[in-house]
Every structure is written in C-alpha cells, then in structure tokens.
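Here the structure comes first, spelled out in structure tokens, and everything after it is commentary.
Note that the coordinates shown come from a computational prediction; the quantities given were computed from them, not determined experimentally. Count residues from 1 along the sequence. Both backbone and side-chain heavy atoms feed into the values below; hydrogens, waters and symmetry mates do not.
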Amino acid sequence: MQLHPSSPPLDDDSTRLVAVGLTAAGALPFAGGLLDTLVSDGSWLITVQIYGAVIASFVSGIHWGAAMFAAPRMAPSLLVVSNVMALLAWIGALIAPEIGFFLLAVVFTALLLIDRLLYRDGILPSWFFRLRLAVTAAVATACILLGVTA
C-alpha cells in the first residue's frame, strides 16, 4: 500500500461511501436496543450498553491515530483525553443502565467535541466531521432514551 501525500486519507468517493455505510450500520444496534426496550422486555439492554463502550473505545482509537498528525502541542493531550473517554465509556458499560447510558451519551458528545477540534485544525476532513456529527446526534439521543426507558 502506497500513501499519496497529495490526497487526504479517505478522500475518494468510494471510500467515503463505505465509511458512511459502516458508520450508519454501527448506529443500528442503538436503535435496535431502543426498539427492544419499547416493544419487548429490554433483554438486549446490557448488550447495547457494552456495545456502546466498544464503539466509544473505537472512536477513541481514531483519536490516537489523529494524534500522529496533530500539532506537537496537541498530541499528548489528545492521547490522554482519548484514553479517559475510553475508560469512562467502559465505566458506562459496567454501571446500572439507568446511569450508564447517560454517561455514554456524555462520552459520545465529548468525543464529537474532540472531532470538532481535529476538524478545525485540518486533521479530519469536513465530510468525516459531518458524518460524526450526524451519527453522534443519533447515538447520543438513543443513549439518553435508553437511559430513560431502562
């Protein structure tokens, strides 16, 4: 695999389409968990809570990767904050769903704020930030509703 410095990563249409599709698919378990709590017995609640921690950890990993391209003043704090977010997400998976989903909503929102800084500094492309904004709105809302209905 050869890197082309003249074109930003993930900047071709086919790659963007795959990223959008996978991101949308990644949000489906939150919607399914909400549907399960509304029309069934909520037996998938804990599974979705753990899934939320996995996804938040994944996004934190994206931030670790972004730290390689961040300004030297930003990279150390980006590494630390992304670890703190991953740890908070796992706490959110281990505590009662009524509180854990609210914590996950906060974590996803905080990760989006980090993405905003990365976008502002030119590390993340605009299409990726818009994608993260849309999916975070959906996932954080689902987490809040899951916390309320738990």
Taking [Y] as the starting point, is it possible to reach [X] by hopping between hydrophobic residues whose side chains are less than 4.5 Å apart?
X      : Y      : answer
Leu94  : Val54  : no
Val59  : Ile91  : yes
Leu34  : Phe108 : yes
Ile123 : Ile62  : yes
Ile144 : Leu146 : no

Using 0.5 Å steps for rounding, measure from the [atom1] atom of [X] to the [atom2] atom of [Y].
X      : Y      : atom1 : atom2 : value
Gln49  : Trp90  : CD    : CH2   : 10.5 Å
His63  : Phe58  : NE2   : CZ    : 10.5 Å
Asp36  : Thr149 : CG    : OG1   : 9.5 Å
Asp115 : Phe128 : CG    : CZ    : 6.0 Å
Leu113 : Met85  : CG    : CE    : 9.5 Å
Thr109 : Ile114 : OG1   : CD1   : 11.0 Å

Worksheet item: Can you check whether Leu79's main-chain N or O pairs, donor with acceptor, with Ser82's side chain at less than 3.5 Å?
Response: yes
Worksheet item: Any donor-acceptor pair under 3.5 Å linking the side chain of Ser77 with the backbone of Met74?
Response: yes
Item to complete: With sequence neighbours left out, write down each residue that passes side chain to side chain contact (heavy atoms under 4.5 Å, CB included) with Thr23, or none if nothing qualifies.
Response: Leu131, Val135
Write down the atom of [X], the atom of [Y], and the distance for their closest heavy-atom approach.
X      : Y      : value
Ala67  : Ala75  : O-CB, 3.6 Å
Pro72  : Pro76  : O-CD, 3.1 Å
Ala140 : Ala105 : O-CB, 3.7 Å
Leu78  : Ala66  : CD2-C, 4.0 Å
Ala150 : Leu45  : CB-CD2, 3.6 Å

Item to complete: Taking the side chain as every heavy atom from C-beta outward, state whether Val107 and Leu111 have any pair of such atoms under 4.5 Å apart.
Response: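 They are in contact (side-chain heavy atoms under 4.5 Å apart), so the answer is yes.
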Discussion item. When you compare the side chain of Leu118 with that of Phe69, does any pair of heavy atoms fall below 4.5 Å?
Written reply: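 Result no, sub-4.5 Å side-chain heavy-atom pair not found.
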Practice prompt. Under the salt bridge (charged side-chain N to carboxylate O under 4.0 Å, His left out) rule, collect the residues that match up with Asp41, sequence neighbours excluded.
Written response: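 Testing Asp41 for salt bridge (charged side-chain N to carboxylate O under 4.0 Å, His left out), a comparison that skips the adjacent residues, returns none.
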Item to complete: List the steps, then state whether side chain to side chain contact (heavy atoms under 4.5 Å, CB included) holds for Asn83 with Trp64.
Response: CA-CA 9 Å; Asn83 272 18; Trp64 263 68; 2.9 Å; yes
Item to complete: Have a look at Phe30 and tell me which of Val48, Leu104, Leu145 forms a side-chain contact (heavy atoms from CB on, under 4.5 Å) with it.
Response: Val48
Worksheet entry | Set of ring pair (Phe, Tyr, Trp, His ring centres under 6.0 Å) partners for Phe129, sequence neighbours left out |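 By the ring pair (Phe, Tyr, Trp, His ring centres under 6.0 Å) rule, Phe129 matches Tyr119.
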Discussion item. Pair Thr37, Trp44 - check side chain to side chain contact (heavy atoms under 4.5 Å, CB included), show working.
Written reply: CA-CA 8 Å; Thr37 62; Trp44 285 92; over 6 Å; no
